[in-house]
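Atom set for the values below is all heavy atoms of this structure, side chains included, hydrogens, waters and symmetry mates excluded. Numbering starts at 1 and runs along the sequence shown.
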Amino acid sequence: QVQLVESGGGLVQPGGSLRLSCAASGFTWDSYATAWFRQAPGKEREAVSCISRTDSSTWYGDSVKGRFTISRNNAKNTVDLQMNSLKLEDTAVYYCSVDPTPCWYLSMPGFLYANWGQGTQVTVSS
């Protein structure tokens, strides 16, 4: 059974940084692509970033390119999302998600993965 647990959220000022982690059990990372999604109040859930299950290639949504970095930490068995230069509009609940579907499918608006964690709140505020 796939289980995902996110951590690392919190309150940060604009321009600051946070690092989110996704810990997993019930599967191995090479079975699934791993993505981070986010959902702000009143908005649809959107894909933020993804790392492939095979060659660790990455995908980023346009709104976070150049600011966020996704990586796999094999020592800790996590997939992390380093978020720099945070903006007010980055405020949302961030979810870790895994699926056999390749990352590039996330370029299609509204495409969602199947397996989800409980989410971690990120609030960017001055």
- request: Could you pull out the closest heavy-atom pair between Ser85 and Arg67, with the gap in Å?
  value: O-NH1, 2.9 Å
message: Between Trp104 and Tyr60, is there shared hydrophobic-cluster membership here, with clusters defined by ILVMFWY side-chain heavy atoms closer than 4.5 Å?
response: no
- prompt: Which heavy atom in Ala24 sits nearest to a heavy atom in Leu4, and how many Å separate them?
  reply: CB-CD2, 3.8 Å
- prompt: Roughly how far, to the nearest 0.5 Å, is NZ of Lys76 from SG of Cys22?
  reply: 14.0 Å
query: In Å and rounded to the nearest 0.5 Å, what is the CG to OG1 distance from Asn73 to Thr78?
result: 4.0 Å
Closest non-hydrogen atom pair between Pro14 and Leu88, with its separation: CG-CD2, 3.8 Å
message: Using 0.5 Å steps for rounding, measure from the OH atom of Tyr113 to the SG atom of Cys50.
response: 3.5 Å
Residue pair Leu18 / Leu86: nearest heavy atoms and the distance that separates them: N-CD1, 3.9 Å
Listing, residues 92-101 side-chain donor-acceptor contacts under 3.5 Å, not counting sequence neighbours, or none:
residue, atom, partner, partner atom, Å
Tyr94, OH, Arg38, NH1, 2.9
Tyr94, OH, Asp90, O, 2.6
Ser97, OG, Asn115, O, 2.8
Asp99, OD1, Thr101, N, 2.9
Asp99, OD1, Thr101, OG1, 2.5
Asp99, OD2, Ala114, N, 3.0

- request: Mind running side chain to side chain contact (heavy atoms under 4.5 Å, CB included) on Leu81 and Phe68 for me, showing each step along the way?
  value: CA-CA 7 Å; Leu81 185 69; Phe68 290 12; 4.1 Å; yes
- prompt: Does the side chain of Arg53 pick up a donor-acceptor pair with the side chain of Ser31 at under 3.5 Å?
  reply: no
- prompt: What about Val12 and Met83, same hydrophobic cluster or not, with Ile/Leu/Val/Met/Phe/Trp/Tyr joined at side-chain heavy-atom distances under 4.5 Å?
  reply: yes
task: Examine distances only and state if a side-chain atom of Ser17 and a backbone atom of Asn84 form a donor-acceptor pair shorter than 3.5 Å.
output: no
message: Is any side-chain heavy atom of Ser56 closer than 4.5 Å to one of Arg72?
response: yes
Electrostatic pair Arg19-Asp80, nearest N-O below 4.0 angstrom: yes
message: Using modelled atom types and a 3.5 Å cut-off, is there a donor and acceptor pairing between side-chain atoms of Thr34 and backbone atoms of Ile51?
response: no
CH2 on Trp36 to CG on Leu106, rounded to 0.5 Å: 14.5 Å
query: To the nearest 0.5 Å, how far apart are CD in Gln13 and OG in Ser126?
result: 7.0 Å
task: Compare every heavy atom of Cys103 with every heavy atom of Ser52, then report the nearest pair and how far apart it is.
output: N-SG, 3.6 Å
query: Any side-chain donor-acceptor pair under 3.5 Å between Trp29 and Asn77?
result: yes
message: Could you check whether atom CD of Glu89 has more than 12 heavy atoms from other residues, nucleotides or ligands sitting under 6.0 Å from it?
response: yes
- prompt: Taking the side chain as C-beta and beyond, is there a heavy-atom pair between Val79 and Ile70 under 4.5 Å?
  reply: yes
message: Please determine whether side chain to side chain contact (heavy atoms under 4.5 Å, CB included) holds for the pair Thr91 and Val122, giving the CA-CA distance in whole Å, both sets of side-chain angles, and the decisive distance to 0.1 Å.
response: CA-CA 5 Å; Thr91 295; Val122 171; 5.9 Å; no
query: Say you draw a straight line from CG of Leu20 to CD of Glu6; how long is it, rounded to the nearest 0.5 Å?
result: 8.5 Å
message: For Trp59, is there any backbone N or O sitting under 3.5 Å from a side-chain donor or acceptor partner on Ser49?
response: yes
field: Qualifying residues under ring pair (Phe, Tyr, Trp, His ring centres under 6.0 Å), relative to Tyr32, sequence neighbours excluded
entry: Phe27
